[in-house]
Each structure stands twice: as C-alpha cells, then as structure tokens.
Chemist: 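Okay, handing you the structure first.
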Amino acid sequence: MKLSRRFPLNALRVFEAVARLENFTRAAEELGMTQTAVSYQIKILEDYLGDRLFIRKPRALQLTECGQNLLPKVADAFQLLSEAVQSARGTADELLEIHSTPTFASHWLARHLGDFQLQHPNIAVRLVRHTGHDSMDPPPTDVAIRIAAKPWDDLVCHPLIRLTYTPMLTPSLAERIGGVREPDDLMKLPWISNGKGFWQDWFKAAGLDKLPIREMHLDASGALDLEANAAIAGHGVAMLSPFLFSGELASGRLIQPFDICLGDAKTYWLCYQPGRRNTAKIRAFSNWIQAALAREMETIPGHVALPSTNA
C-alpha cells in the first residue's frame, strides 16, 4: 500500500517510544523532542485513528484497547525498518547479544563461540549468563538459550538438544572409599542435590531402593553450575551431564563411574522474537549452533540430538 503524505509515520514513531517507556518525559528525552511536541504527535495519531491511545493517570500511563492492539505491529514494523536500513548500509560490524543459562554458557557455548566468530568475523558477540525465570522474562534483544519442556508461544523456538545426566565425582573422592565399583558405593559419599529429587530416579534405575544418607542441598538459580563446582572441589557426588562436562571427564578432573544416564524431558531451545527471524546475524547464529551441536552430540552416546531447522 502506498503511504500518503497524511500518513502519521512520525506520530507512530513517537507512539512506539511512549508505549515502550510508559512515560511521555522519558520518550521525549529519547527522541530529542520536548514533552509538548510528544503530546502533540500523540494527539495527531489519536485524531487520525479516531480513538484514544493512552489513559493518563497521576502516576502511571496505561494503553487503551486501541493502543494495545496497535503497539505490537508498530514495534515490529520499526524493527523491520531498522534492519532494512542496516542491510542497505552494509554495516561491517554488528553486535549479537546471547542470553544463556549459566551452565550451558560456561561449559559449552563459551568454549565454542570462537568457531562462530571465525566463520563470521563481522559479528561481535556479547554472552550474558542469565539466571532469571524465563516465564517472566522480556523477549530477548537478539537470541536466548532457555530450558523448558515446551516452547514459548510468543517466540520463535528452535529445539537444540536434550541432555542426560549421571553421577560424577573426583578421582580423589572415589579413592577415599577404596574406589566406586558398584552403585551402592555411592551411598558412602555425600550427595550434592538441587532438591528436585532427580538423583532418586537414578538410584532406582540402578536397582537401589535406599537413598543417600548425606546430602548437600543447593537451592539457587543456576544450581547445576553450583553442583558441578562443588563436585569438582571434591565435596561430593553430583548428577551432571556427560555432554556439558566432557572436558572435565577428558582431563580427569571428574570421573563417570557408570553408564546409566537419565533424561529430564526438558529441551534446550534457541529463542528469538518473530519479527527478527530474517535478521542476518540471528540466522547466522541459529544455523551455526544447530549444526555445531548436532556434530558434537553424535560423538557422545546416550544423548538426543534434535533435528536441525533453519532460522
């Protein structure tokens, strides 16, 4: 559709800033305008639409139903415009911000990002270890790696991997009890737990009905990372992933006494906003990480490599 001169494009830009910041003053500062000019642009848009966009309260600014319906598409449109301009300019350097769960960030992603940057030298990377609650998170700026049993409805979600877990400990801790040869030997050692009871399932799979006597309970965001650090320090046995801790197993810092592994039915997902599906840096990262994980998972038995999908 061809836009006429009367189409309030500038007013839409002002509306997006006010709605996003929920404040006329902050929007004016961001846009380099006076608050009076911001209010005037909102009035122009409201007159054009024939409906109010905001309910002004003493200490809050609330979108009307019309404003709520308008905001998502306006935000997506300006995002697409920004990407189109960047593409037309042929920007040499871009920044990709990746939010990731702590353990995956530390024990896989940080160790492999160099390969991605060698393949894409024009893309700078900022890796953020994220320990929040994904269900309450705002959409990722670029991409996020999250864990859940199912994808998020408001995001594009590509399944990456499903991990399995098994007891791991230091060689020196095993030597203290004369070695770990049978699952029952683990009962003699302290067990590092995040309180989810996953280790109980492992003991049942190993044919044991009794439970560990001594337990170190860790209750915090990023608990798997804490469990691993405690195990590496020799404080006990932890239920860890052979995939994520393959480096520690190869170096001998940790040992895996038994082949019995259990999955937790959760998937690692690569997530990003639908309006950013055609962004070049996101497509490049999506294609790279799916291919890299698929190659590596083939070398580690007992894990599930999920089918690759193009961004």
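Count residues from 1 along the sequence.
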Chemist: Answer with yes or no whether the side chains of S106 and R129 bring together a donor and an acceptor at under 3.5 Å.
Modeler: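 Looking only at side-chain atoms, S106 and R129 do form a donor-acceptor pair, the distance falling under 3.5 Å.
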
Chemist: How long is the straight-line distance from CG of L244 back to OG1 of T101, given to the nearest 0.5 Å?
Modeler: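 It is 8.0 Å, given to the nearest 0.5 Å.
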
Chemist: Side-chain heavy atoms under 4.5 angstrom apart, residues restricted to Ile, Leu, Val, Met, Phe, Trp, Tyr: same cluster for M33 and L21?
Modeler: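 Looking at the clustering, L21 is in a separate group from M33.
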
Chemist: Would you call C271 and R146 a side-chain contact if the rule is heavy atoms closer than 4.5 Å?
Modeler: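 When only atoms from C-beta onward are counted, R146 and C271 do touch, with a gap below 4.5 Å.
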
Chemist: For E46, give me all partners under salt bridge (charged side-chain N to carboxylate O under 4.0 Å, His left out), at least two apart in sequence or on another chain.
Modeler: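 For E46, no residue satisfies salt bridge (charged side-chain N to carboxylate O under 4.0 Å, His left out) once neighbours in sequence are set aside.
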
Chemist: For S241 and Y165, indicate whether the former's side chain and the latter's backbone hold a donor-acceptor pair under 3.5 Å.
Modeler: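 Not a single qualifying donor-acceptor pair exists.
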
Chemist: Any side-chain donor-acceptor pair under 3.5 Å between E94 and H120?
Modeler: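 Their side chains do not contain a donor-acceptor pair, so the 3.5 Å distance test is not met.
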
Chemist: Considering non-hydrogen atoms only, spot the tightest contact between I123 and A284 and give its length.
Modeler: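 So the two residues come closest at CD1-CB, 4.3 Å.
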
Chemist: May I ask you to check whether N229 and H235 show a side-chain donor-acceptor distance below 3.5 Å?
Modeler: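 On atom types as modelled, these side chains do not qualify, holding no pair under 3.5 Å.
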
Chemist: Is any side-chain heavy atom of Q62 closer than 4.5 Å to one of R56?
Modeler: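 With C-beta onward as the side chain, the pair stays apart.
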
Chemist: Would you check if the distance from the ring center of Y272 to the ring center of H158 is below 6.0 Å?
Modeler: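 Centroid distance Y272-H158: below 6.0 Å, so yes.
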
Chemist: Is there a donor-acceptor contact under 3.5 Å linking the side chains of R52 and T64?
Modeler: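 Looking only at side-chain atoms, T64 and R52 do not form any donor-acceptor pair under 3.5 Å.
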
Chemist: So, the side chain of S286 versus the backbone of I282: is there a donor-acceptor pair under 3.5 Å, distance only?
Modeler: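 Side chain of S286 to backbone of I282, a donor-acceptor pair under 3.5 Å: no, none is there.
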
Chemist: Would you say that L70 contacts L53 through its side chain, given a criterion of any heavy-atom pair below 4.5 Å between the two side chains?
Modeler: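 A side-chain contact exists here, since the closest heavy-atom pair is under 4.5 Å.
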
Chemist: One thing to verify: whether R181 and D185 come together as a salt bridge, which I'm taking to mean a side-chain N less than 4.0 angstrom from a carboxylate O.
Modeler: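 The answer is no: the pair does not qualify as a salt bridge.
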
Chemist: Can you get from V14 to L61 by hopping between Ile, Leu, Val, Met, Phe, Trp and Tyr side chains that sit under 4.5 Å apart?
Modeler: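 As far as the 4.5 Å side-chain criterion goes, L61 and V14 are connected within one cluster.
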
Chemist: Take the angle between the ring planes of Y268 and F104 and call it parallel below 30°, perpendicular above 60°, tilted in between.
Modeler: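 Rings of Y268 and F104: tilted, as their planes differ by 30° to 60°.
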
Chemist: Are any non-hydrogen side-chain atoms of H107 and D225 less than 4.5 angstrom apart?
Modeler: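 Yes. Closest side-chain heavy atoms under 4.5 Å.
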
Chemist: Say whether L49 and L9 are linked into one hydrophobic cluster, either directly or through other cluster members, by side-chain heavy-atom distances under 4.5 angstrom.
Modeler: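 Linked, L49 and L9 end up in one cluster.
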
Chemist: Anything under 30° is parallel, anything over 60° is perpendicular, the rest tilted; go ahead and classify F258 against W202.
Modeler: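 Because their plane-to-plane angle lies in the 30° to 60° range, the rings of F258 and W202 count as tilted.
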
Chemist: Answer whether the closest heavy-atom distance between the side chains of F78 and R13 falls below 4.5 Å.
Modeler: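 Of all side-chain heavy-atom pairs linking R13 with F78, at least one is under 4.5 Å.
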
Chemist: Carefully, step by step, assess T164 and L262 under the rule side-chain contact (heavy atoms from CB on, under 4.5 Å).
Modeler: CA-CA 5 Å; T164 60; L262 294 182; over 6 Å; no

Chemist: Return the minimal non-hydrogen interatomic distance between I42 and F15, and the atom names on each side.
Modeler: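 Looks like CD1-CA, 3.6 Å.
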
Chemist: Ignoring hydrogens, what is the shortest heavy-atom contact between W269 and C157? Give both atom names and the distance.
Modeler: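 Nearest heavy atoms, W269 then C157: CE3-CB, 3.8 Å.
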
Chemist: Between W191 and F203, is the gap from one ring center to the other below 6.0 Å?
Modeler: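 Yes; F203 has its ring centre under 6.0 Å from that of W191.
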
Chemist: Quick check: do R253 and T170 have side-chain heavy atoms less than 4.5 Å from each other?
Modeler: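 The answer is no, as the side chains (C-beta and beyond) never meet within the 4.5 Å cut-off.
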
Chemist: Please confirm whether the backbone N or O of L12 pairs with a side-chain atom of E16, one donor and one acceptor, at under 3.5 Å?
Modeler: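 No; judged by distance alone, with no hydrogens or angles, the pair does not exist.
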
Chemist: Is the side chain of R276 donor-acceptor paired with the backbone N or O of T141 at a distance under 3.5 Å, no angle test?
Modeler: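 Confirmed, R276 side chain pairs with T141 backbone.
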
Chemist: Can you confirm whether more than 12 heavy atoms, excluding those of E182, are under 6.0 Å from its CD atom?
Modeler: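 Atom CD in E182 is not packed in, count stays at 12 or less.
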
Chemist: Can you name the closest pair of heavy atoms from P257 and L169 and give their distance?
Modeler: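 Residues P257 and L169, closest heavy atoms: CG-CD2, 3.5 Å.
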
Chemist: Would V38 and V18 satisfy side-chain contact (heavy atoms from CB on, under 4.5 Å), going step by step from the backbone distance to the final call?
Modeler: CA-CA 8 Å; V38 167; V18 173; 3.6 Å; yes

Chemist: Determine, using the 4.5 Å side-chain heavy-atom cutoff (strictly less than), whether L127 and W288 are members of one ILVMFWY cluster.
Modeler: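 Same hydrophobic cluster.
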
Chemist: Can a salt bridge be assigned to the pair K73 and D76 using a cut-off of 4.0 Å between side-chain N and carboxylate O?
Modeler: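 A salt bridge is absent here (no side-chain N lies under 4.0 Å from a carboxylate O).
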
Chemist: Shortest non-hydrogen contact from V125 to Q117?
Modeler: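 Closest pair (atom of V125, atom of Q117, distance): N-NE2, 3.5 Å.
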
Chemist: Are side-chain heavy atoms of L96 and F116 found at a separation under 4.5 Å?
Modeler: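 Yes, at least one pair of side-chain atoms sits under 4.5 Å.
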
Chemist: W108 pairs by side chain to side chain contact (heavy atoms under 4.5 Å, CB included) with which of L113, I145, T103, I289?
Modeler: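 It is I289; the other options fail the test.
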
Chemist: Check for me, please, whether I177 and L208 land in the same ILVMFWY cluster - side-chain distances under 4.5 Å, paths through other members count.
Modeler: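 Yes, one cluster joins them.
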
Chemist: Taking the side chain as every heavy atom from C-beta outward, state whether L71 and L63 have any pair of such atoms under 4.5 Å apart.
Modeler: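 L71 vs L63: side chains touch.
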
Chemist: Please name the pair of heavy atoms, one in T166 and one in C261, separated by the smallest distance, quoted to 0.1 Å.
Modeler: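 Here T166 and C261 meet closest at CB-SG, 3.8 Å.
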
Chemist: Among K281, R126, R283, find the one that has a salt bridge (charged side-chain N to carboxylate O under 4.0 Å, His left out) with D142.
Modeler: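 Answer after filtering K281, R126, R283: K281.
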
Chemist: Should the ring pair F7 and Y48 be called parallel, tilted or perpendicular, given that the plane angle runs from 0 to 90° and is split at 30 and 60?
Modeler: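 The rings of F7 and Y48 stand perpendicular, inter-plane angle above 60°.
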
Chemist: Starting from the C-alpha separation in whole Å, work towards a yes-or-no answer on side-chain contact (heavy atoms from CB on, under 4.5 Å) for E296 and H112.
Modeler: CA-CA 11 Å; E296 191 162 344; H112 292 77; 3.0 Å; yes

Chemist: Tell me which one of L249, I255, V237, I232 satisfies side chain to side chain contact (heavy atoms under 4.5 Å, CB included) with M168.
Modeler: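 Result: among L249, I255, V237, I232, L249 is the only option passing the side chain to side chain contact (heavy atoms under 4.5 Å, CB included) with M168.
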
